[in-house]
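Report on one structure; see the data block that follows.
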Protein chains: 2
Amino acid sequence: MDDLTEMLKGTLEGCVLEIIGGEETYGYAITRRLNELGFADVVEGTVYTILLRLERNGLVQVTKRPSEVGPPRKFYALNDAGREQLATFWAKWQYVSSRIDRLKEGGR
Amino acid sequence: MDDLTEMLKGTLEGCVLEIIGGEETYGYAITRRLNELGFADVVEGTVYTILLRLERNGLVQVTKRPSEVGPPRKFYALNDAGREQLATFWAKWQYVSSRIDRLKEGGR
DNA sequence: TAGCGGTACCAAGTGGTACGAGGTACCAGG
DNA sequence: CCTGGTACCTCGTACCACTTGGTACCGCTA
């Protein structure tokens, strides 16, 4: 599937939030996870900008831990604000996707 | 529902394409239609920029017709390239929305 | 021990898209 | 004549995913 980037705007951040909500994890692993999930073209640079934004907006708690196979990892976990933001994201997604699906099924 | 603008990026153009595909129509009416459909905050300026883009990209055929209740209207209809683009849009939407729904339903 | 591939992070700049604000103009009714 | 509805457009802004390029840690192997 080619070039989904425009369609991912506004949703990719929510996806990252959901992944972090599932378990405490770090940027490199999140990228791999997204690729697994079918977002094949999402690259590290993109994920890191999202993570920095989440941190800047106070939605995550960050913990640095050493790794045995490479440089130290920055683990991200949702805080209360993050969980709230995630709920809002899913509400918006539900709203938007249902309207679009309705439009697809012939309008009214 | 508040501020869906980021989530609409990349999908709004497809929605406009779908509306035009349903029947030949014009900018002002498309805006009203989107508002009806639940995209309440979409304003005329947004729709016009999309319509200009569609025209520039050669996806629509444009016909100007006088109106009895105001200034002349610019009617838009899909051409072959437009119909193809619309099909591509729905394929992408299907792809993206299914992956996101899967992520929502606990991952794998 | 030098180099390579995998792991892991970050920064600066680009391009596309929706939106805000404002302007023009046609028309009917009070 | 003036207001409100209809109908079009333009310019600037903000935001987001992406591109490109860089740093650095680690284990393996030639």
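Quick note on labels: first sequence line is chain A, next is B, and so on, each numbered from 1.
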DNA chain D nearest-nucleotide lookup for B/Val69 and B/Leu51: closer to the 5′ end is B/Val69
For A/Asp3, is there any backbone N or O sitting under 3.5 Å from a side-chain donor or acceptor partner on B/Lys92? yes
Answer yes or no for A/Arg73 and A/Phe75: cation-pi contact, defined as NZ/CZ to six-membered ring centre under 6.0 Å and angle to ring axis within 45°. no
Which distance, rounded to the nearest 0.5 Å, do you find between the CH2 of B/Trp90 and the CG of A/Leu103? 5.0 Å
Nearest 0.5 Å, what's the CD-CD distance between A/Glu13 and A/Gln85? 6.0 Å
OP1 or OP2 of D/dC9 less than 4.0 angstrom from a side-chain nitrogen or oxygen of B/Lys74, does that happen here? yes
Please check this pair: side chain of A/Asn79 against backbone of A/Gln61, looking for a donor-acceptor N/O pair closer than 3.5 Å. no
Integer-rounded Å distance: C/dA21 P and B/Asp41 CG: 13 Å
Would you say A/Tyr26 places a side-chain N or O within less than 4.0 Å of OP1 or OP2 belonging to C/dA8? yes
Please give, in whole Å, the distance from D/dG4 P to B/Tyr28 OH? 14 Å
Using whole Å, what does the distance between atom C1' of nucleotide C/dC26 and atom NZ of B/Lys64 come to? 12 Å
With a 3.5 Å cut-off and heavy atoms only, can you find an N or O donor on one side and an acceptor on the other between the side chain of A/Lys9 and the base of D/dC15? no
Among the candidates C/dA12, D/dC8, C/dC19, find the nucleotide nearest to the side-chain atoms of B/Val43. C/dC19
Nearest to the B/Pro71 side chain among D/dC18, C/dC19, C/dC26, which nucleotide is it? C/dC26
For A/Pro72 and for A/Gly45, find the nucleotide of DNA chain C with the closest heavy atom, then tell me which residue's nucleotide is more 5'. A/Pro72
In whole angstroms, how far is the C1' atom of C/dG16 from the CG atom of B/Asn57? 12 Å
Here the distance between atom P of C/dT17 and atom CZ of B/Phe89, to the nearest Å, is 13 Å
Measuring to OP1 and OP2 of C/dC10, would you say a side-chain N or O of A/Tyr48 lies under 4.0 angstrom away? no
Output the rounded distance in Å from CD1 (A/Ile50) to C1' (C/dC10). 15 Å
How is A/Glu68 classified with respect to the nucleic acid when contacts are heavy atoms under 4.0 Å: base, sugar-phosphate, or nothing? sugar-phosphate
What's the separation between atom CD1 in A/Ile30 and atom CZ in A/Arg32, rounded to the nearest 0.5 Å? 12.0 Å
Which residue lies toward the 5' end of DNA chain C, A/Tyr76 or A/Glu6, if each is placed at its nearest nucleotide? A/Tyr76
So what does A/Glu13 touch, heavy atoms closer than 4.0 Å: a base, only the sugar-phosphate, or nothing? sugar-phosphate
Which one, C/dC9, D/dC18, D/dC8, comes nearest to the side chain of B/Arg73? D/dC8
Just to confirm, is there a sub-4.0 Å distance from OP1 or OP2 of C/dT17 to any side-chain nitrogen or oxygen of B/Arg53? yes
Roughly, in whole Å, what's the span from CG in B/Asp3 to P in D/dT13? 19 Å
What is the distance from CD of A/Glu44 to P of D/dA24, rounded to the nearest Å? 17 Å
Looking at B/Ser67, I'd like to know whether one of its side-chain N or O atoms comes within less than 4.0 Å of OP1 or OP2 on D/dA7. yes
Need one value for A/Thr46: base, sugar-phosphate or nothing, where a base atom within 4.0 Å counts as base even if backbone is also close, heavy atoms only. base
